[in-house]
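Just so we're on the same page: letters track the sequence lines, and every chain starts at 1.
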2 protein chains.
Amino acid sequence: MDVTEPATRTRRSDATRAAILRAARERFAADGYDRATIRAIAADARIDPSMVMRYYGSKEGLFAAAAEFDLRLPDLAEVPPDRLGETLIRHFVRRWEADGTLVALLRAAATNPGAADRMRGIFAGQLATAVARSSADPATAERRAGLVASQILGLALTRYVVRLPPVVDLDPEELTAWVGPTIQRYLTQPLPPSRASGR
Amino acid sequence: MDVTEPATRTRRSDATRAAILRAARERFAADGYDRATIRAIAADARIDPSMVMRYYGSKEGLFAAAAEFDLRLPDLAEVPPDRLGETLIRHFVRRWEADGTLVALLRAAATNPGAADRMRGIFAGQLATAVARSSADPATAERRAGLVASQILGLALTRYVVRLPPVVDLDPEELTAWVGPTIQRYLTQPLPPSRASGR
DNA sequence: AATGTTTGCCAACACGTGTTGACTTAACTG
DNA sequence: CAGTTAAGTCAACACGTGTTGGCAAACATT
């Protein structure tokens, strides 16, 4: 009952916890949710499978911890409006080339409802809000963010998951030159004539 | 030995085969490769799981048969060059709204290497060749087709798999108005200044 | 009618999975 | 040093999976 140490004491098991998390991210990214087994993850982390259960409760719990992800989007309000597309595509390529977490999430989201839910959460809570802050017209911000997501995730899918050769071969500069204008258009183009002729 | 009937005789089991295939497509589309179990597919088709094995050899074999897919792309050489984007996006939305096979393939491709391979095959054998036929510059056709694929598949992913609300809510007309120009640009835009500084 | 073949169902195998609880070892605490 | 707690190991359970072979009914062929 007497708790004299600070709330954030470093437990002796923190190294193990971190090793599990690292192995889990790699496995989830490489194999997806179903094929990434707890036994394989534990083997990578050189511990017993039961440790995973003790520290993360269940496979779902482990995935939830491993799929925590911050896009680290810059403040788009400070970016020159005509360079939004270029800035965003550059940021994304750098971000997921350095950290496989988003690829893991993407792979898992294709089959696991919880992962898909988290994916939606990330894009609503991070992308959509960032776009809204930079947008002159908040009413269309969500739709614009959705279109941006479709291109960004499509790129991640074809480049890192399906590995379509021509998309894999593009270097970051070419990628920026090609896709930047697309993002830019989705963000800043005036609404297309919504010829709302009742279906 | 005496085969009097034509080579393509209709076997009595053809109905069952078709029922299995139909159920398999639905299950693979809804659940992905791993979660779609043979038992569930057989139950949907109202037959015994062992029938699936008899007719398709294995789960891999069943998937191979279920993921046979023809994009049915029109001859792009006959499309007015300034309407390529609109034509393609319209075609794709209609195509995969009517047939869940491509969604099944997409879901499976996220985790199953064989499915990813088939996905690459479809886009190399169908999309890339169609684009090459319409392109003035065959040298860049493959790259352009890859970019088109990234946007098309990203749309399918966000709309039918992850189900991002703003993308789900777009009706086909809005989709065409927004994404058509993107496809158009990927297909017909002159090459961006590839500042080819060594590698 | 008798025979062979196709179509289908049943029960079971072998295996890998997530998960659990009992036990041993290490580390800290008085 | 004794005693308590944390960290880690081991073996096993219960379950669902793909897959297999045997057997009965329906059909086709002579």
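- The pair B:R90-B:E173 meets the salt-bridge criterion, with a side-chain N (NZ, NE, NH1 or NH2) lying under 4.0 Å from an Asp/Glu carboxylate O.
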Give every pair of a protein N or O atom and an N or O atom of nucleotides 15-17 of chain C that lie under 3.5 Å apart, one pair per line with the distance.
none

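- Under the side-chain hydrogen bond (donor to acceptor under 3.5 Å, both in side chains) criterion, the residue pairs touching residues 47-56 of chain A are A:D48-A:S50, with sequence neighbours excluded.
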Without placing hydrogens or testing angles, list every side-chain donor-acceptor pair under 3.5 Å for residues 147-154 of chain B, not counting sequence neighbours.
residue: B:S150; atom: OG; partner: A:Q151; partner atom: NE2; Å: 3.0
residue: B:S150; atom: OG; partner: B:L147; partner atom: O; Å: 2.7
residue: B:Q151; atom: OE1; partner: A:Y186; partner atom: OH; Å: 2.8
residue: B:Q151; atom: NE2; partner: A:S150; partner atom: OG; Å: 3.0

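- Each salt bridge (Lys or Arg N to Asp or Glu O under 4.0 Å) pair with one or both residues in residues 143-159 of chain A, not counting sequence neighbours, appears once here: A:E97-A:R159, A:R143-B:E174.
- Not a single salt bridge (charged side-chain N to carboxylate O under 4.0 Å, His left out) links B:R22 to another residue, sequence neighbours left out.
- Within residues 105-114 of chain A, no residue has a heavy atom under 4.0 Å from DNA chain D.
- Side-chain contact between A:F69 and A:D99 is present, with heavy atoms from C-beta onward closer than 4.5 Å.
- A distance of 11.5 Å separates CG in B:D14 from CG in B:L21, rounded to the nearest 0.5 Å.
- Here A:D82 pairs with A:P80 under the side-chain contact (heavy atoms from CB on, under 4.5 Å) rule; sequence neighbours left out.
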Could you check A:L157 against B:L106 for side chain to side chain contact (heavy atoms under 4.5 Å, CB included), going step by step and ending with a plain yes or no? CA-CA 10 Å; A:L157 179 78; B:L106 181 54; 3.5 Å; yes
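- Residues of residues 17-25 of chain A that place a heavy atom closer than 4.0 Å to DNA chain C do not occur.
- The interatomic distance linking A:Y33 (OH) with C:dG18 (C1') rounds to 9 Å, in whole Å.
- Checked against ring pair (Phe, Tyr, Trp, His ring centres under 6.0 Å), A:Y160 has the following partners two or more places apart in sequence or in another chain: A:W96.
- Sorted by first and then second residue, the side-chain hydrogen bond (donor to acceptor under 3.5 Å, both in side chains) pairs with a member in residues 106-135 of chain B read B:D75-B:R133, B:D117-B:R120; sequence neighbours excluded.
- For residues 110-150 of chain B, no residue pair satisfies the ring-ring contact (aromatic ring centres under 6.0 Å, His included) rule, not counting sequence neighbours.
- Annotation: proximity of residues 41-55 of chain A to DNA chain C (heavy atom, distance under 4.0 Å) is found for A:S50, A:M53, numbered in ascending order.
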